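Step one of this worksheet: look at the structure below.
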Amino acid sequence: MQARDNFQRWVAITPSDTIDIGETTADDGKARAPLAIYVGGTGNVVAVMGDGTTGTFTGVPAGTVLPITPIRINSTSTTATALLALYQV
């Protein structure tokens, strides 16, 4: 992600092991992968990509923008807080 990137829309993320970012219930068709994730409170972030692979970002400092496009942030083992999905409109 380059410094010129900016985001016009953001949505609070509630980590879940079953519900994707943007969905109200599992598989409701409203999921939309963000362009990045903002981490407001230091901790671990367990991200699930569109192909189902999972990655754990350990000890992410508060204020970090992760340039990843996950479909879900798992609740299991995610300890970071105040997560936001960032979008360009």
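From a predicted model like this one, the values you see are computed outputs, not experimental measurements. For the numbers below, each heavy atom of this structure counts, side chains included, while hydrogens, waters and symmetry mates do not. Along the sequence shown, the residues carry numbers beginning at 1.
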Review point. To the nearest 0.5 Å, what is the distance between CH2 (Trp10) and CD1 (Ile37)?
Key: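 Reported to 0.5 Å precision, the distance equals 14.5 Å.
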
Does [X] have any side chain to side chain contact (heavy atoms under 4.5 Å, CB included) partners at least two apart in sequence or in another chain, and if so, which?
{"X": "Thr58", "answer": "Asn44, Thr56"}
{"X": "Arg9", "answer": "Val11, Arg32, Tyr87, Val89"}
{"X": "Tyr38", "answer": "Val65, Leu84, Leu86"}
{"X": "Ile19", "answer": "Ser16, Glu23, Ala26"}

Could you give all pairs that pass the salt bridge (charged side-chain N to carboxylate O under 4.0 Å, His left out) test and reach [range], with sequence neighbours left out?
{"range": "residues 75-89", "value": "none"}
{"range": "residues 47-75", "value": "Asp20-Arg72"}
{"range": "residues 55-65", "value": "none"}
{"range": "residues 79-89", "value": "none"}

Check your understanding: With side chains defined as the heavy atoms from C-beta onward, is the minimum distance between Val39 and Phe57 less than 4.5 Å?
Key ->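 With C-beta onward as the side chain, the pair stays apart.
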
Review point. So do Thr76 and Val46 actually touch side chain to side chain, heavy atoms under 4.5 Å?
Key: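 Not touching, per the 4.5 Å side-chain cut-off.
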
Review point. Who else is in the cluster with Val48 when I, L, V, M, F, W and Y are joined by side-chain contacts under 4.5 Å?
Key: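 Its cluster mates, by chain and number, are Ile71.
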
Main-chain N/O of [Y] paired to [X] side chain as donor or acceptor, under 3.5 Å:
{"X": "Thr64", "Y": "Val60", "answer": "no"}
{"X": "Gln88", "Y": "Leu35", "answer": "no"}
{"X": "Thr42", "Y": "Ala62", "answer": "yes"}

Review point. With sequence neighbours left out, what residues match Ser75 under side chain to side chain donor-acceptor pair (under 3.5 Å)?
Key: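 Expected list: Asp17.
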
